[in-house]
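Comments concern the structure below.
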Amino acid sequence: MSQQYRLAVLNGDGIGPEIVPASVQIVDAAVATVGAPAIDWSELPLGRGAIDEFGTAVPEQTLAALSDVDGWLLGPHDSASYPEPHKSLLNPSGTIRKHFDLFANIRPAKAFPGGNAIVEGTDLVIVRENTEGFYADRNTFAGTGEMMPTKDVAIMHGIITRAATERIAHEAFKLAMTRDKRVTIVHKANVLKMTTGLFRDVCREIAAQYPEVSVNDFHIDASTVHLVRRADKFDVIVTENMFGDILSDLAGEVAGSLGIAPSINASSTQAMAQASHGSAPDIAGRNVANPIGMILSSAMLLRWLGAKFNDEAILKAADLVEEKVAATVEAGTMTPDMGGSAGTKEFAAAVVDAITAAA
């Protein structure tokens, strides 16, 4: 039997308070339709509202509460607009990722029939190492990987380790075994020979443990060209942090819109659903934001829970969410970024209707 899950909700900033509740509504409908126990939701403070109330974007009580739930939905944050000193601190999602060592950032890009894709048939997943690389906010135990010895000189360093590369490579190859059994390693080993060269070589070492999976590799610059021209030819892409961030944004647009791009951040014990896009403050509160990225991120969290707990019902709920989002788009109900005219609420309501009709 399916168990009851305790999930947290962190609405975040900008469009977060619009797209996260829409996702909760749709998950609830799917769980009820498959006959699983209702999810026990708890809302936690995060972002600008938390700064105003608690003096920090990520209160300690939020981190403590996240330790006690099965997973959570994280809305986008607008840390660029936070007052100092909060603006210069590690942003909320980075703080949470680092606190819980959410080392795997899984970012699918899948085109919907009728969904305005640049490359029809795109169906790939980018597996992004999430704890080191060239991003200064996550490649050191304390402090950051950037420094300015003078006001006119800025220095950064990047970190690649065998241990972190091995565990993300295993995630990529295990995922490929459930898909088309193809992995592409993205690096820049012709220039960054020691760092991304190590990443490439370790990934190839791990590949030997998965003989059924075919493997190739590309430089990051060539990868962008290949994605634009033939994204439909890729299956699983594994890469370091910054490259994965860049490629996943590109892949989302190629698939139809960055607004449809989902992701989860996971360790072996915890997972956080977080759409790949930002907070879009320019459209916040206007009921035009595309909720698909957040909705599908929530479905990914359900799938992660289903795999972890061997829960067939919650896996069916994840399938139902993904199926009815695609059906809604194919029927012509889309937000403006995809060429449609539906608002955030209207799109979510259409998906809920499609889900409940399947009961």
Side-chain angles (χ1 to χ4, degrees), residues 104-130 133 168-169 171-190 196 199-200 203 207 210 213-265 274-278 290-297 299-300 303 322-323 325-330 334-340:
N105 187 200
I106 313 299
R107 293 187 164 189
K110 184 174 183 178
F112 294 112
N116 202 33
I118 295 172
V119 181
E120 296 289 349
T122 297
D123 183 4
L124 61 88
V125 182
I126 293 171
V127 179
R128 170 191 177 198
E129 203 293 315
N130 214 20
I168 199 63
E171 293 297 315
F173 283 97
K174 287 188 291 186
L175 179 59
M177 288 293 292
T178 70
R179 292 172 51 89
D180 201 33
K181 298 181 180 178
R182 292 181 291 119
V183 169
T184 298
I185 306 163
V186 172
H187 57 87
K188 190 61 178 171
N190 59 327
T196 70
F199 186 92
R200 177 201 59 194
C203 284
Y210 301 84
V213 179
S214 63
V215 184
N216 63 359
D217 67 273
F218 291 120
H219 296 145
I220 177 61
D221 45 343
S223 299
T224 61
V225 176
H226 288 303
L227 275 180
V228 170
R229 285 191 172 273
R230 53 186 192 94
D232 57 325
K233 305 303 182 185
F234 287 88
D235 183 27
V236 174
I237 296 172
V238 62
T239 190
E240 66 85 42
N241 205 330
M242 183 170 67
F243 296 166
D245 196 9
I246 294 167
L247 288 179
S248 56
D249 280 7
L250 175 59
E253 284 295 325
V254 165
S257 167
L258 187 56
I260 70 173
S263 80
I264 61 168
N265 297 266
Q274 179 186 23
S276 295
H277 57 72
N290 190 340
I292 289 178
M294 193 69 236
I295 295 166
L296 294 183
S297 298
M300 290 181 71
R303 193 172 302 286
E322 292 173 353
E323 176 188 336
V325 166
T328 301
V329 172
E330 190 169 8
M334 293 176 282
T335 47
D337 60 306
M338 297 179 71

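Nothing here was measured: the structure is a model prediction, and the numbers come from that model. For the numbers below, each heavy atom of this structure counts, side chains included, while hydrogens, waters and symmetry mates do not. Numbers here are sequence positions counted from 1.
- In this structure the side chain of V236 never reaches within 4.5 angstrom of the side chain of V213, judged on heavy atoms.
- Within a 6.0 Å radius of CZ in R229, other residues, nucleotides and ligands contribute 12 heavy atoms or fewer.
- Two residues are said to be in side-chain contact when any heavy atoms from C-beta on lie closer than 4.5 Å; D221 and K188 meet this criterion.
- Scored by the ring-ring contact (aromatic ring centres under 6.0 Å, His included) test, H187 finds H219 as partners (sequence neighbours excluded).
- In this structure, N290 and S257 approach most closely via the heavy-atom pair ND2-OG, 4.3 Å.
- Listed by chain and residue number, F173, V215 satisfy the side chain to side chain contact (heavy atoms under 4.5 Å, CB included) test with A207 (two or more places apart in sequence, or in another chain).
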Side-chain donor-acceptor pairs of residues 241-256 under 3.5 Å, sequence neighbours excluded:
{"from": "N241", "atom 1": "OD1", "to": "R128", "atom 2": "NE", "distance (Å)": "2.9"}
{"from": "N241", "atom 1": "OD1", "to": "R128", "atom 2": "NH2", "distance (Å)": "2.7"}
{"from": "N241", "atom 1": "OD1", "to": "R138", "atom 2": "NH1", "distance (Å)": "3.3"}
{"from": "N241", "atom 1": "ND2", "to": "E132", "atom 2": "O", "distance (Å)": "3.2"}
{"from": "D245", "atom 1": "OD1", "to": "R107", "atom 2": "NH1", "distance (Å)": "3.2"}
{"from": "D245", "atom 1": "OD2", "to": "Y135", "atom 2": "OH", "distance (Å)": "2.8"}
{"from": "S248", "atom 1": "OG", "to": "R107", "atom 2": "NH1", "distance (Å)": "2.7"}
{"from": "S248", "atom 1": "OG", "to": "G244", "atom 2": "O", "distance (Å)": "2.8"}
{"from": "S248", "atom 1": "OG", "to": "D245", "atom 2": "O", "distance (Å)": "3.1"}
{"from": "E253", "atom 1": "OE2", "to": "L258", "atom 2": "N", "distance (Å)": "2.9"}

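- Between I220 and T196, the closest side-chain pair of non-hydrogen atoms is not below 4.5 Å.
- For K233, the side chain to side chain donor-acceptor pair (under 3.5 Å) test picks out no residue, with sequence neighbours left out.
- Put simply, CG on N105 and OG on S276 are 6.5 Å apart, with the number rounded to the nearest 0.5 Å.
- Partners of K110 under the side chain to side chain donor-acceptor pair (under 3.5 Å) rule, at least two apart in sequence or in another chain, do not exist in this structure.
- Listed by chain and number, the residues in a side chain to side chain donor-acceptor pair (under 3.5 Å) with N216 are T184 (sequence neighbours excluded).
- Partners of P291 under the side chain to side chain contact (heavy atoms under 4.5 Å, CB included) rule, at least two apart in sequence or in another chain, are I19, A22, I295, T335, T344, F347.
- Using a cut-off of 4.0 Å between Lys/Arg side-chain N and Asp/Glu carboxylate O, D217 and R200 are scored as not salt-bridged.
- With sequence neighbours excluded, the residues forming a side chain to side chain donor-acceptor pair (under 3.5 Å) with R182 are D180, listed by chain and number.
- Across every non-hydrogen atom of C203 and V238, the tightest pair is SG-CG1, 4.2 Å.
- Rounded to the nearest 0.5 Å, atoms CG (N130) and CD (E240) are 11.0 Å apart.
- The side chain to side chain contact (heavy atoms under 4.5 Å, CB included) test applied to M300 returns I106, P108, P262, I264, not counting sequence neighbours.
- Put simply, the side chain of F199 does not reach to within 4.5 Å of the side chain of V186, judged on heavy atoms.
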Contacts table for residues 112-124: side-chain donor-acceptor under 3.5 angstrom, sequence neighbours left out:
{"from": "T122", "atom 1": "OG1", "to": "V119", "atom 2": "O", "distance (Å)": "2.7"}

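- In this structure, E322 CD and I292 CD1 are separated by 12.0 Å, a value rounded to the nearest 0.5 Å.
- The distance from atom CG of L175 to atom CE of M177, rounded to the nearest 0.5 Å, is 11.0 Å.
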Problem set entry | CA sep, side-chain torsions, deciding dist, call: K174, Y210, side-chain contact (heavy atoms from CB on, under 4.5 Å) | CA-CA 8 Å; K174 287 188 291 186; Y210 301 84; 3.6 Å; yes

